Amino acid sequence: MAKSGFRGGGYTGGGMNANMIKQAQKMQADLVKMQSEMEEKTYSAQSGGGAVTAVVSGKRELVELVIEPDAVDPEDVELLQDLIIAAVNEALRKAQTTMSDSMSKLTGGLNLGF
């Protein structure tokens, strides 16, 4: 007769015990706390040797943009646009990388889609 995984009316295979559930709940609470803390931080990046500085929040919103007067050349607006895009994108990358690294440390490397 094949073994069914049941003994005395109780299932014994693969279920989560109370300790595992508590650990998962704690991890979830820690993730929510960390995500909230990360959203409050700001991340900055520069381009053009400091001609443009972009600051973004952990919510991935541009919160500050500083353009040095020397970077403003009416004859070369495209360069200024490129510098702004580069600074904003780099600041966003920093925010994403920092958040991903922090979440990875907390989850032990599990990819939970954050």
Side-chain angles (χ1 to χ4, degrees):
M1 178 179 269
K3 294 182 180 180
S4 66
F6 285 95
R7 288 190 191 151
Y11 183 74
T12 60
M16 293 183 80
N17 64 32
N19 189 40
M20 289 173 67
I21 292 171
K22 285 180 184 177
Q23 287 177 344
Q25 288 172 335
K26 182 182 181 327
M27 182 183 287
Q28 182 181 17
D30 290 347
L31 284 170
V32 169
K33 180 181 176 193
M34 180 179 284
Q35 188 172 16
S36 177
E37 290 171 356
M38 300 299 288
E39 287 178 350
E40 296 300 317
K41 292 183 179 184
T42 58
Y43 307 86
S44 65
Q46 296 181 334
S47 65
V52 175
T53 302
V55 180
V56 299
S57 72
K59 294 180 182 179
R60 296 175 192 92
E61 296 174 340
L62 181 63
V63 295
E64 185 178 359
L65 182 65
V66 178
I67 302 171
E68 294 297 320
D70 297 349
V72 180
D73 179 359
E75 300 297 319
D76 196 1
V77 174
E78 285 183 18
L79 175 62
L80 179 57
Q81 291 169 338
D82 290 343
L83 292 175
I84 292 169
I85 290 168
V88 170
N89 285 336
E90 181 58 25
L92 289 169
R93 271 191 289 279
K94 283 183 178 182
Q96 181 62 43
T97 299
T98 301
M99 288 186 281
S100 292
D101 290 348
S102 295
M103 290 294 179
S104 181
K105 288 176 188 173
L106 184 63
T107 63
L110 293 174
N111 183 3
L112 301 176
F114 298 107

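If you read the sequence from its start, that first residue is 1, and numbering goes on from there. Here the structure is a predicted model, which is why all the values come from computation and not from measurement.
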- Query: For Glu61, what residues pass the side chain to side chain contact (heavy atoms under 4.5 Å, CB included) criterion, not counting sequence neighbours?
  - Reply: Ser57, Lys59
- Qualifying residues under side chain to side chain contact (heavy atoms under 4.5 Å, CB included), relative to Asn19, sequence neighbours excluded: Asn17, Gln23
- Thr98 side chain to Lys94 main-chain N or O, any donor-acceptor pair under 3.5 Å? yes
- Charged N-O contact under 4.0 Å between Lys105 and Asp101: no
Which donor-acceptor pairs under 3.5 Å do the side chains of residues 79-89 make with protein atoms, sequence neighbours left out?
from  : atom 1 : to    : atom 2 : distance (Å)
Asn89 : ND2    : Ile85 : O      : 3.3

- Can you find a pair of side-chain heavy atoms, one from Gln35 and one from Glu39, that are under 4.5 Å apart? yes
- Mind jotting down which residue pairs meet the side-chain hydrogen bond (donor to acceptor under 3.5 Å, both in side chains) criterion with at least one end in residues 41-55? Sequence neighbours excluded, please. Gln46-Thr53
- Enumerate the residue pairs fulfilling salt bridge (Lys or Arg N to Asp or Glu O under 4.0 Å) with a member in residues 45-56, sequence neighbours excluded, ordered by first and then second residue. none
- Query: Is there a chain of hydrophobic side chains (I, L, V, M, F, W, Y, each step under 4.5 Å between heavy atoms) that links Leu92 to Leu62?
  - Reply: yes
Show the atom names and distances, to 0.1 Å, of all donor-acceptor pairs under 3.5 Å that link a side chain in residues 64-72 to residues at least two apart or in another chain.
none

- Which value, rounded to the nearest 0.5 Å, describes the distance between Met38 atom CE and Leu31 atom CG? 12.0 Å
